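Below is one structure, written out as structure tokens; comments come after it.
All of these numbers come straight from a predicted model, not from anything done at the bench.
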Amino acid sequence: MKKIILALMFAFPMIFSVSAGAKDTNVPILDKAHTAILITDPQNDFLREDGMLFKLLADNLKELGTIANIEKLMKTAKANGVALAVDPLVYNALDGSWNNAGALQRQLLDMKALHRKSLNDPQGFEDSGADFYGPYKPYIYDGKTIVVAPHKMYGPESNDLIYQLRSRNINTVILGGMVANLCVDSHMRALMENGFKVYVVKDAVAAPGADAYKAALVNYGMIANGVLTTDEVVKTLKK
């Protein structure tokens with residue numbers, strides 16, 4: 001019996017890794033009136049070539065076609081009457097004085113990545129690392145996209161995302177964005193814990209290296225309701 005339990009302990013990660021990485025043939029039928037596409041951190045520091053964090057993600061971004069796939073998701077949402085939400089990560093000058101910042105968070109604060117002087121001060125924000133990636137702005141600033149207050153760690157516990165979705169009777173979230181093993185993973189977990197159905201789009205994310213991406217896929221496969229490709233999302237939302 002003990003040998004069987006040990007075998008299962010080692011087998012489950014392999015099973016979920018394979019299932020997360022493989023093409024999901026069980027594409028869901030989605031109720032578009034109650035579904036939102038959510039993109040985390042679609043900002044210059046991650047996605048523009050001169051962004052502070054771009055080089056960490058560059059290989060994965062290129063391999064997956066992430067930047068184009070995120071735009072495809074945004075375009076699909078607008079063309080098919082599906083809510084689009086964006087949840088940015090932004091730090092300001094006062095955040096630098098935090099005493100309990102985590103290791104990565106402290107690095108981001110010290111290097112002033114995703115930084116703006118103040119949330120109510122537009123000076124220096126336009127086209128900065130914290131600003132939204134330029135090609136996405138027509139979708140984000142069309143007056144219909146849900147732009148939530150910035151989160152400060154990795155998940156949406158510190159902002160209004162969940163309230164905004166619930167207030168619109170959204171119960172299903174199609175999730176992509178930055179970074180696969182951090183903010184995307186944390187948003188997936190928080191949304192699942194709050195009773196939403198979550199489908200992660202595995203080629204509309206990016207991670208700092210292959211190992212981090214594979215680790216994210218394992219978690220998606222175990223926790224989310226499904227793991228889809230961009231093309232699968234486009235196909236099901238066109239029905």
So with a 6.0 Å cut-off around OH of Tyr163, is the heavy-atom count from everything else above 12? no
Mark yes or no for whether Tyr91, through its side chain, and Lys152, through its backbone, hold a donor-acceptor pair below 3.5 Å. yes
Treat each ILVMFWY residue as a node, draw an edge where side-chain heavy atoms are under 4.5 Å apart, and state whether Met52 and Leu182 are in one component. yes
So, Asp131 side chain and Asp127 main chain: donor-acceptor pair closer than 3.5 Å or not? yes
Thr40 pairs by side chain to side chain contact (heavy atoms under 4.5 Å, CB included) with which of Val205, Val184, Leu161? Val184
Can you confirm whether Leu84 sits close enough to Lys144 that some side-chain heavy atom of one is under 4.5 Å from a side-chain heavy atom of the other? no
With no hydrogens and no angle check, is any side-chain donor or acceptor of Thr66 less than 3.5 Å from a backbone partner on Ala204? no
Report, as yes or no, whether the 6.0 Å neighbourhood of atom NZ on Lys238 holds more than 12 heavy atoms from other residues, nucleotides or ligands. no
Arg48 vs Phe54 side-chain heavy atoms within contact, under 4.5 Å: no
Just by distance, no angles: are the side chains of Lys78 and Thr145 close enough, under 3.5 Å, to form a donor-acceptor pair? yes
In terms of heavy-atom contacts, does CG of Asp50 have more than 12 from other residues, nucleotides or ligands at under 6.0 Å? yes
Ionic contact status for Lys235 with Asp231, cut-off 4.0 Å: no
In this structure, would Phe125 and Phe46 fall into the same cluster of hydrophobic residues linked by side-chain contacts under 4.5 Å? no
Decide yes or no for Lys202 and Thr229: does some side-chain heavy atom of the first lie under 4.5 Å from some side-chain heavy atom of the second? yes
Taking the side chain as everything from C-beta on, heavy atoms only, tell me whether Tyr133 gets closer than 4.5 Å to Ile67. yes
4.5 Å side-chain heavy-atom contact, Pro156 and His187: yes
Can you get from Ile37 to Val234 by hopping between Ile, Leu, Val, Met, Phe, Trp and Tyr side chains that sit under 4.5 Å apart? no
Taking Glu126 first and then Lys137, would you say they form a salt bridge - that is, a charged N and a carboxylate O separated by under 4.0 Å? yes
Greater than 12 external heavy atoms within 6.0 Å of Asp59's CG: no
